[in-house]
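A short worksheet on the structure shown next.
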Amino acid sequence: MSSATLKIAALAGDGIGPEVMREAIKVLRAVEQKFALSITLTEAPVGWAGIDAAGQALPEATLKLCRQSDAILFGSVGLPDRDPTIPKEQRPERAALLRLRKEFSLFANLRPVQLPKALAYACPLRPERQGDGLDLLVVRELTGGMYFGQPKLTEEITDGTRHFRRAIDTMVYSEPEIERIAHVAFQAAQWRRKKVTSIDKANVLENGVLWREVVTRVAKDYPAVALEHMFVDNAAMQLVLRPTQFDVVLCENLFGDILSDEAAALAGSLGMLPSASLGATTGEQTFGLYEPAGGTAPDIAGKNLANPIAQILSSALLLRYSFKLEAAARAIEGAVSAAIAQGLRTGDIYNPADPAAKKVGTQEMGDAIEAAI
Ligand code: NAD
């Protein structure tokens, strides 16, 4: 992969998007040099930046650029004071982000959650529950299940003299849908601690029974990876009781939505959390959109206060999952750890009680990570 040109679309978006994207690009360029990569990175407006530049949250030229690229590095979109001024379907999150997910059939959402020991105070769990630091990966199916299954409706019911409404959502999964997300989880586990915990509700749901059966079958292709099954209610409990037992957590859409946020809370700040949404794989390349787990943080935008680490770690995921450049991805992750180890802290992860901590801005944090590459 390293001899080919990596075509990346960089869509910074709104709020803190441009500030944190600047730092991520800086770090990517440092990695490009160190590993003699060839990166073509093209920036384009999206979100309110897109509306202001071209009248649409996802301008045609931006979409065209994405189609010509191998991966999208995305910032965040939406501004709470401007969003309500336009119709829902034109608002940035729906018209840009959801549209991109649909356009590129991004079916797998990956949310790594890491809590280095040095940031133990940022975690809501007591230190003895954190072991030597937390490191888990939630793999969530993104295009199936209850969010999209049909029928999906609210209907009027007449029962004798009583009238009321009834709402119906339907959970549907087919074997191929479960298979492809299971492969993503097992492949990710091969690069990690080689354990997949598959989440279901097989004691109650037909979907759970099929999920468990298919995941067990797919596991046979990955003999080096250990598989365990866990009911979703127990998983919710285990995440706060003993989160160190998890490596890769594999979930369907609804369960993954809930558990990935629960897991994210363990890291202490949204500013630390990257994510990847993956689509189809052609040859050695997987199309993906990589973005921080947080939003545009308008409360701190434009003030050099945002933590750029989520965006920088998103670019590490881009190298890992779209281009299989594991060493380059690890170089970025190592540089982030080095900056944390030096005591550098943006406001969201700053602990005034820590004498070794030095409060820094967005740019200074980016500089330190770039220097550590
Ligand atoms: P938010 O994630 O933007 O902010 C929540 C809190 O986390 C704020 O206090 C913010 O300052 C803090 N925070 C977030 N990222 C941070 C970072 N990198 N460094 C330091 N602190 C950080 O959520 P919100 O306030 O609910 O939403 C703001 C806007 O973002 C809304 O318009 C929303 O629709 C949009 N949004 C976009 C996305 C996306 O583009 N994927 C995701 C979520 C929210």
Side-chain angles (χ1 to χ4, degrees), residues 9-24 27 44-52 57-58 62 66 72-102 104 106 109-111 113-114 119 122 124 140 142 257 260-261 264-277 288-315 317 336 339-340 344-351 357 359-366 369:
L11 317 183
D14 309 315
I16 59 169
E19 297 165 66
V20 292
M21 183 65 84
R22 200 174 306 130
E23 304 311 312
V27 172
V46 73
W48 279 102
I51 295 173
D52 293 341
L58 184 64
T62 300
C66 294
I72 303 169
L73 187 60
F74 196 89
S76 331
V77 292
L79 293 171
D81 56 338
R82 294 185 71 184
D83 289 354
T85 64
I86 55 172
K88 271 200 184 99
E89 60 282 1
Q90 292 170 22
R91 291 180 195 164
E93 269 188 273
R94 192 178 288 198
L97 195 52
L98 295 188
R99 171 99 196 273
L100 283 170
R101 280 189 190 152
K102 199 162 172 215
F104 295 103
L106 303 175
N109 185 237
L110 279 65
R111 297 253 299 254
V113 173
Q114 275 170 331
L119 297 184
R140 167 188 170 194
L142 207 53
D257 193 3
S260 63
D261 271 17
L266 304 178
S269 170
L270 277 175
M272 297 292 292
L273 292 169
S275 81
S277 300
L289 181 148
Y290 302 85
E291 58 173 334
T296 58
D299 52 330
I300 54 167
K303 297 177 182 161
N304 195 37
L305 291 175
N307 188 343
I309 289 179
Q311 189 77 59
I312 290 169
L313 290 176
S314 297
S315 67
L317 298 186
V336 167
I340 298 285
L344 302 189
R345 305 281 186 271
T346 43
D348 56 311
I349 52 171
Y350 180 67
N351 175 14
K359 203 170 190 176
V360 296
T362 310
Q363 210 178 329
E364 215 174 337
M365 181 65 99
I369 295 168

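Each ligand, and each atom within it, is numbered from 1 in the order the structure gives. Along the sequence shown, residues carry numbers from 1.
For ligand 1, the protein residues within 4.0 angstrom (heavy atoms only) are Ile16, Ser76, Val77, Gly78, Leu79, Pro80, Asp83, Glu93, Leu97, Leu270, Gly271, Glu291, Gly294, Gly295, Thr296, Ala297, Pro298, Asp299, Ile300, Ala306, Asn307, Asp348.
Of the N and O atoms on the side chains of Thr296 and Asp14, not one donor lies less than 3.5 Å from an acceptor on the other residue.
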Report the C-alpha separation of Asp83 and Gln90 in whole Å, then their side-chain angles, then the decisive distance to 0.1 Å, and conclude whether the side-chain contact (heavy atoms from CB on, under 4.5 Å) test is met.
CA-CA 9 Å; Asp83 289 354; Gln90 292 170 22; over 6 Å; no
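Summarising the geometry of Ser275 relative to Ser314, their closest heavy-atom pair is N-OG, 3.9 Å, with the distance given to 0.1 Å. Considering every non-hydrogen atom in both Ala339 and Ile369, the closest pair reads CB-CG1, 3.8 Å. When all heavy atoms are compared, the tightest approach of Gly295 to Ser76 is O-OG, 3.2 Å.
Annotation: the span from Arg99 atom CZ to Cys66 atom SG amounts to 10.5 Å, rounded to 0.5 Å.
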